[in-house]
Asker: 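The structure that follows is given in the form of C-alpha cells.
Worth knowing before you read on, the calculation uses all heavy atoms, side chains too, and leaves out hydrogens, waters and symmetry mates. These numbers were taken from a predicted model, which means no experiment stands behind them.
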Amino acid sequence: MFDRFNPDRQIVTYHRLADGSVCRIRPSGAADRALLQECFEALSPESQRMRFFTNKRSLTAQELDLFSGADGYDHIAIAAVRIDASGRELGPLGFARCLRLAPGGDSAELSVTVADRFQGQGIGSALLSRLMDAAYAQGIRRFRFEVLVENRGMRQLAQRLGGEARWLGEGIVEYDCALPEPAGTGPAADRHRTVPADPDRDLPWYLDPGAWIDPWTHVWQAWVQAANEDLGNWLNGESLVTARDWRDAA
C-alpha cells in the first residue's frame with residue numbers, strides 16, 4: 001500500500017477476537033482518513049487523554065492530514081480493521097504508527113491506540129508486532145515515546161521491550177526502546193519479554209507507594225509477631241505478667 005522501497009513487504013495478517021470475529025492487520029495510509037476519525041470517536045474521554053495528554057473533542061484537519069500521511073519510510077502506520085465473513089472491512093479497531101524523529105534517522109516516535117471496546121484482546125500486540133517488523137525493514141532501530149504516568153498499559157509494554165525510562169516531570173515518563181531484529185513468528189513484543197513488567201518501578205521514589213510503606217513493613221511484621229506470641233502465652237497461662245504480679249505491684 002505504501003512501502004515504496006519494498007512492495008513485497010506489504011504483508012496482511014489477521015487476528016481473531018474473543019467473540020470469534022476477525023480483524024485484518026494491514027498498512028494504513030491516505031485512504032484511512034475516515035477510519036481514523038471513527039477510531040478516535042470510539043475512544044473514551046480517558047483514553048483520548050492518555051493518547052493526547054489533554055481532553056480532546058475531535059481531531060483537527062491538520063491532525064487527520066498527519067495521521068493519514070504515512071509514506072512507509074519516515075512515517076509508518078498499521079491499522080487493525082474488523083472484517084466480515086466475506087472479507088469486507090467493517091470498522092477500525094486501532095492504529096499503531098511511528099514517525100522518525102529526523103528524516104532518515106534510526107529513531108522514531110511510537111504511538112499505539114486501540115478502541116476501548118476492543119482493548120485487552122491482543123490487538124495492540126498484533127499492531128505493534130507488524131509495526132516493529134516494518135520499521136526495522138526501513139532502518140529504524142529505536143522507538144521513543146512519552147506516556148502519562150497513569151498509562152500503565154503503555155508503561156508495561158515499554159518495560160517488556162526493555163525500554164529505558166526517564167522521568168520528565170509533570171506526570172510524564174519517556175521511554176527509549178531498542179528494536180529487536182525480526183526473527184521467527186509471533187508478536188515481537190512477546191518474543192522479547194525479558195524484563196518482568198512492573199510499571200511502578202519506573203516511578204520516582206516519592207511517587208511510588210512502596211517507597212513509603214516497604215521500609216516499615218518489617219517493623220510492623222515484628223510487632224504483630226510479638227503481639228501474637230504474647231497472646232498465645234496469655235492463653236496458655238504463661239504470661240510473664242500474671243494477675244498476681246499486677247496485684248503485688250499495686
Asker: For the residue pair Phe52 and Phe67, does the interplanar ring angle fall in the parallel (under 30°), tilted (30 to 60°) or perpendicular (over 60°) class?
Answerer: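 Aromatic pair Phe52/Phe67 classed tilted.
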Asker: Should Leu99 and Leu66 count as side-chain neighbours, where that means a heavy-atom distance under 4.5 Å?
Answerer: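 A side-chain contact exists here, since the closest heavy-atom pair is under 4.5 Å.
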Asker: Any non-hydrogen side-chain atom of Val149 less than 4.5 Å from a side-chain atom of Ile172?
Answerer: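 SC-SC contact between Val149 and Ile172 ruled out.
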Asker: Side-chain heavy atoms under 4.5 angstrom apart, residues restricted to Ile, Leu, Val, Met, Phe, Trp, Tyr: same cluster for Phe145 and Val114?
Answerer: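 Result: yes, single cluster for both.
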Asker: From Gln156 CD over to Leu161 CG, what is the distance, rounded to the nearest 0.5 angstrom?
Answerer: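 Going from CD on Gln156 over to CG on Leu161, the span is 12.0 Å.
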Asker: Measuring from atom CD1 of Ile140 to atom CG of Leu101, what distance do you get when rounded to the nearest 0.5 angstrom?
Answerer: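 Rounded to the nearest 0.5 Å, the CD1-CG separation comes to 9.0 Å.
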Asker: Apply side chain to side chain contact (heavy atoms under 4.5 Å, CB included) to Glu46 and Asp116, showing your working.
Answerer: CA-CA 10 Å; Glu46 181 65 9; Asp116 287 62; over 6 Å; no
Asker: Would you find a donor on one side and an acceptor on the other, under 3.5 Å apart, between the side chain of Asp84 and the backbone of Arg88?
Answerer: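 At least one qualifying donor-acceptor pair exists.
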Asker: Test your reading of the model: is there a side-chain donor-acceptor pair from Arg130 to the backbone of Ile11, 3.5 Å cut-off?
Answerer: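 Indeed, once roles are kept as given, a pair shorter than 3.5 Å links the two residues.
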Asker: Do Gln37 and Arg33 come close enough that some side-chain heavy atom pair is under 4.5 Å?
Answerer: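 No, every pair of side-chain atoms sits at 4.5 Å or beyond.
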Asker: Is Asp106 reaching over with its side chain to a backbone N or O of Gly139, donor-acceptor style, under 3.5 angstrom?
Answerer: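 No, Asp106 side chain to Gly139 backbone: no donor-acceptor pair under 3.5 Å.
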Asker: Using 0.5 Å steps for rounding, measure from the NE2 atom of His15 to the CG atom of Leu93.
Answerer: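 His15 atom NE2 to Leu93 atom CG measures 9.0 Å (nearest 0.5 Å).
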Asker: Testing the basics here: between Leu43 and Ala115, what is the closest heavy-atom pair and its distance to 0.1 Å?
Answerer: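 Reported closest heavy-atom pair: CD2-CA, 3.8 Å.
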Asker: Could you check whether any side-chain N or O of Arg51 sits under 3.5 Å from a backbone N or O of Ser111, counting only pairs where one atom can act as donor and the other as acceptor?
Answerer: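 A pair under 3.5 Å: no.
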Asker: Quick one: does NZ or CZ of Arg141 land under 6.0 Å from the six-membered ring centre of Tyr136, within 45 degrees of the ring axis?
Answerer: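 Relative to the ring axis of Tyr136, which defines the angle, Arg141 lies inside both limits.
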Asker: Show your working on side chain to side chain contact (heavy atoms under 4.5 Å, CB included) between Glu63 and Phe40 and close with a plain yes or no.
Answerer: CA-CA 11 Å; Glu63 288 170 331; Phe40 175 84; over 6 Å; no
Asker: Just one of Arg152, Glu174, Arg155 clears the side-chain contact (heavy atoms from CB on, under 4.5 Å) bar with Val147, so which one?
Answerer: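 Output: one option passes, namely Arg155.
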Asker: Indicate the atoms forming the closest heavy-atom contact of Leu127 with Ala79, along with that distance.
Answerer: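 Looking at all heavy atoms of both residues, the closest pair is CD2-C, 3.6 Å.
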Asker: Measure across Gln121 and Arg117 and return the closest heavy-atom pair with its distance rounded to 0.1 Å.
Answerer: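 Scanning both residues completely, I find the closest heavy atoms to be NE2-O, 3.9 Å.
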Asker: What pair of heavy atoms forms the shortest contact from Ile25 to Ala80, and how long is it?
Answerer: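 It is CD1-CB, 3.6 Å.
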Asker: Please confirm whether the backbone N or O of Ser107 pairs with a side-chain atom of Arg144, one donor and one acceptor, at under 3.5 Å?
Answerer: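 Not a single qualifying donor-acceptor pair exists.
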Asker: Supply the atom-to-atom distance Cys177 SG to Leu110 CG, rounded to the nearest 0.5 angstrom.
Answerer: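 Answer rounded to 0.5 Å: 7.5 Å.
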Asker: Has the side chain of Arg100 got a donor or acceptor atom that lies under 3.5 Å from a matching backbone atom of Tyr73?
Answerer: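 At least one qualifying donor-acceptor pair exists.
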Asker: With a 6.0 Å cut-off (strictly less than), is the heavy-atom count around CD of Glu164, excluding the residue itself, greater than 12?
Answerer: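 No - once you tally the heavy atoms of other residues, nucleotides and ligands closer than 6.0 Å, there are 12 at most.
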Asker: Give a yes or no on whether the backbone of Met50 and the side-chain of Glu150 come within a donor-acceptor separation of less than 3.5 Å.
Answerer: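 It does not hold such a pair.
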Asker: Report yes if the side chains of Tyr175 and Leu157 come closer than 4.5 Å at any heavy-atom pair, otherwise no.
Answerer: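 Tyr175 vs Leu157: side chains apart.
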Asker: Applying side-chain hydrogen bond (donor to acceptor under 3.5 Å, both in side chains), name anything that partners Arg142, two or more places apart in sequence or on another chain.
Answerer: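 Partners of Arg142 under the side-chain hydrogen bond (donor to acceptor under 3.5 Å, both in side chains) test: Asp176.
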Asker: Measuring from Leu128:CG to Arg160:CZ, what's the distance to the nearest 0.5 Å?
Answerer: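 Going from CG on Leu128 over to CZ on Arg160, the span is 11.5 Å.
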Asker: At their closest point, which heavy atom of Asp74 faces which heavy atom of Gly104, and how far apart are they?
Answerer: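 Residues Asp74 and Gly104, closest heavy atoms: OD1-N, 3.1 Å.
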Asker: Which pair of heavy atoms, one from Cys39 and one from Gly94, lies closest together, and at what distance?
Answerer: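 Shortest heavy-atom separation between Cys39 and Gly94 comes out as SG-CA, 4.0 Å.
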Asker: Can you tell me how far the CE atom of Met132 sits from the CD1 atom of Ile78, to the nearest 0.5 Å?
Answerer: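 Nearest 0.5 Å value for the CE-CD1 distance: 12.5 Å.
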Asker: Checking the side chain of Ser21 only, and the main-chain atoms of Leu17 only, is there a donor and an acceptor separated by less than 3.5 Å?
Answerer: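 No; zero donor-acceptor contacts below 3.5 Å.
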Asker: Could you see if Val81 belongs to whatever hydrophobic cluster contains Ile123? Use Ile, Leu, Val, Met, Phe, Trp, Tyr and a side-chain cutoff under 4.5 Å.
Answerer: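 Unlinked, Val81 and Ile123 end up in two clusters.
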Asker: Is Ile76 reachable from Leu36 through a run of I, L, V, M, F, W or Y residues, each pair having side-chain heavy atoms under 4.5 Å apart?
Answerer: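 No; Ile76 is not reachable from Leu36 via cluster members.
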